[in-house]
Colleague: 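I have a structure I would like to understand better, so I am pasting it below and will then ask my questions one at a time.
Residues take their numbers from the sequence shown, with the count starting at 1.
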Amino acid sequence: MARGCEHPIGCHTGALPTHASATVGAKLWLLIEHTGPWPSHLESFELPEKISELVRRALERGIRPQLIRRPGRRTRPREQGIHVLVAYAIGERPWMAGGVIAGPDDLDLDALVAGVVPESCILEDEPVFLVCTHAKRNACCARIGLPLARSLAENLSDRVWETSHVGGDRYAANLVCLPHGIFYGSMSQAAALAAANAYRSGEIILDRYRGRAGIPEPLQAVEHFARIHTGERSVGAVAVESFRSDGDVTKAIARCGGVRFQVVVEPSALTAPCGTACAETITTYRLVSLDRLAPVRYATPALT
């Protein structure tokens, strides 16, 4: 383990499971470019007034705010407005849009909540990739995330951003693919590039896949096991149609391509080896059962 890392052994190498760990409460995103210092917590509002106000308005509406900056660049640009990106990461057709605003009043966040592109923004044609490098939140995110972000930017240029805390420090380096909100963890530079290129082609790589943000963890686990069983990689090919929970057990009906499965999962406690601190218990999910369902047959009405 690197000096100063208190995460269990195997967290940053992919040796420990990462599935079903994407941030649950992130369906709507506001990315704010800020090259100045990042506080440890955005909700402390220790930021320039206009940016703090944008963060406050986002939090009030259930939008996840993130600070972003270009990898490797620390020079502050002239005051030319605030560059923002918004993402609607819900459903089968999520979208992103971006723009430069003079201040908080120029960005209609209520439109984003309603699934409408704010008037001050223009739809983005290409995906965006976020790498958490938030040193004040956790040193491992900067230690592993900074070189990964720079490496990824060499291949994907202006589509890559460093970002503030995305959740799951133990899985650094973390990669988020927007607009779908696809999370990966414990990423090497090679793994990140492979995942980013797959996403640009509309696919998911299951190795080190954490899940899709905005979805309850048990349903992320259902999707994971359905993909593992079928080998389905298309981003939009797997969806949970219905589910119910009985205690810790979740039973769901998942559609995977043109096939439906009944998938049952439950939490599983994993005691990870010690890092520089004591052993830590990590909650993940295990597959209880997965059964293919017979196709629904509809009766053909009789001709009269």
Side-chain angles (χ1 to χ4, degrees), residues 23 25-90 94-124 126-138 141-142 145-146 149 152-153 157-167 174-181 183 213-214:
T23 302
K27 295 181 178 180
L28 307 169
W29 297 71
L30 169 61
L31 314 181
I32 309 165
E33 184 174 5
H34 178 54
T35 57
W38 294 354
S40 60
H41 294 75
L42 270 62
E43 57 271 25
S44 68
F45 304 111
E46 298 172 1
L47 289 160
E49 182 179 355
K50 291 180 180 179
I51 293 178
S52 287
E53 179 63 13
L54 280 169
V55 170
R56 184 187 67 78
R57 293 186 184 188
L59 292 171
E60 287 178 349
R61 291 161 173 79
I63 299 169
R64 184 177 181 90
Q66 297 283 144
L67 300 179
I68 58 173
R69 61 192 173 205
R70 290 297 186 191
R73 301 178 189 174
R74 292 295 179 269
T75 56
R76 301 186 185 185
R78 289 184 176 182
E79 186 68 28
Q80 295 178 339
I82 304 170
H83 178 214
V84 296
L85 292 163
V86 294
Y88 185 81
I90 300 174
W95 50 263
M96 287 202 72
V100 177
I101 59 174
D105 291 339
D106 294 331
L107 182 62
D108 186 356
L109 291 177
D110 291 325
L112 175 61
V113 173
V116 178
V117 177
E119 289 186 0
S120 55
C121 296
I122 299 174
L123 280 172
E124 298 269 323
E126 293 288 329
V128 162
F129 302 99
L130 306 179
V131 179
C132 181
T133 61
H134 200 165
K136 285 187 179 178
R137 190 63 176 259
N138 190 277
C141 293
L146 281 168
L152 199 59
S157 186
D158 63 346
R159 307 317 299 171
V160 180
W161 297 88
E162 294 180 19
T163 192
S164 53
H165 178 66
V166 297
N174 283 296
L175 173 69
V176 182
C177 308
L178 292 173
H180 282 84
F183 270 57

Colleague: Taking side chain as C-beta onward, heavy atoms only, is Val131 less than 4.5 Å from Glu162?
Modeller: no
Colleague: So, does Arg70 use its side chain to make a donor-acceptor pair with the main chain of Asp158 at under 3.5 Å?
Modeller: yes
Colleague: About how many Å separate CG of Leu175 and CG of Leu130, when rounded to the nearest 0.5 Å?
Modeller: 8.0 Å
Colleague: Any chance you could measure Ile32, atom CD1, to Lys50, atom NZ, to the nearest 0.5 Å?
Modeller: 13.0 Å
Colleague: Exactly one of Leu112, Asp108, Leu107 should register a side-chain contact (heavy atoms from CB on, under 4.5 Å) with Cys121. Which one does?
Modeller: Leu107
Colleague: Consider side-chain contact (heavy atoms from CB on, under 4.5 Å). Of Leu85, Val84, Val55, which one does Leu30 pass it with?
Modeller: Val84
Colleague: Is the backbone N or O of Phe129 less than 3.5 Å from a side-chain atom of Arg159, with the two atoms forming a donor-acceptor pair by type?
Modeller: no
Colleague: If the condition is salt bridge (charged side-chain N to carboxylate O under 4.0 Å, His left out), which residues does Asp106 pass it with, not counting sequence neighbours?
Modeller: none
Colleague: Would you name the heavy atoms of Ala58 and Pro65 that are closest together and state the gap between them?
Modeller: CB-CB, 4.2 Å
Colleague: When rounded to the nearest 0.5 angstrom, what distance separates CG in Leu67 from CD1 in Ile51?
Modeller: 7.0 Å
Colleague: Output the distance between atom NE2 (His34) and atom CG (Leu54), rounded to the nearest 0.5 Å.
Modeller: 12.0 Å
Colleague: Determine the minimum heavy-atom distance between Arg64 and Gly167, stating which atoms define it.
Modeller: NH2-N, 4.1 Å
Colleague: Is there a side-chain contact between His41 and Arg137 in this structure, where contact means two heavy atoms from C-beta onward sitting under 4.5 Å apart?
Modeller: yes
Colleague: At their closest point, which heavy atom of Pro179 faces which heavy atom of Pro94, and how far apart are they?
Modeller: O-CB, 3.7 Å
Colleague: Aromatic rings Phe183 and Trp29: how do their planes relate, parallel, tilted or perpendicular, breaks at 30° and 60°?
Modeller: tilted
Colleague: For Asp105 and Arg57, what are the C-alpha separation, side-chain angles and deciding distance, and is it a salt bridge (charged side-chain N to carboxylate O under 4.0 Å, His left out)?
Modeller: CA-CA 10 Å; Asp105 291 339; Arg57 293 186 184 188; 2.8 Å; yes
Colleague: For the CD atom on Glu119, are there more than 12 heavy atoms of other groups (residues, nucleotides or ligands in this structure) within a distance under 6.0 Å?
Modeller: no
Colleague: Taking the six-membered ring of Trp161, is the NZ or CZ of Arg69 close enough (under 6.0 Å from the centre) and on axis enough (within 45°)?
Modeller: no
Colleague: Looking only at non-hydrogen atoms, find the nearest pair between Ser164 and Gln66 and report the distance.
Modeller: O-NE2, 2.9 Å
Colleague: Drop me the distance from Glu53's CD to Phe45's CZ, to the nearest 0.5 angstrom.
Modeller: 8.5 Å
Colleague: At their closest point, which heavy atom of Trp38 faces which heavy atom of Thr133, and how far apart are they?
Modeller: CZ3-OG1, 4.0 Å
Colleague: If every non-hydrogen atom of Ala87 is compared with every non-hydrogen atom of Met96, which pair is closest and at what distance?
Modeller: CB-CG, 3.8 Å
Colleague: Using 0.5 Å steps for rounding, measure from the CG atom of Leu42 to the NE2 atom of His134.
Modeller: 6.5 Å
Colleague: What I'd like to find out is whether the side chain of Cys132 reaches to under 4.5 Å of the side chain of Cys141, using heavy atoms alone.
Modeller: yes
Colleague: Within a radius of less than 6.0 Å around CD of Glu49, do more than 12 heavy atoms belonging to other residues, nucleotides or ligands occur?
Modeller: no
Colleague: Any donor and acceptor pair, going by atom type alone, linking the side chain of Ser52 with main-chain N or O of Leu47 inside 3.5 Å?
Modeller: yes
Colleague: If you apply the rule side-chain contact (heavy atoms from CB on, under 4.5 Å), what do you find for Val86 with Val117, and how did you get there?
Modeller: CA-CA 8 Å; Val86 294; Val117 177; 5.9 Å; no
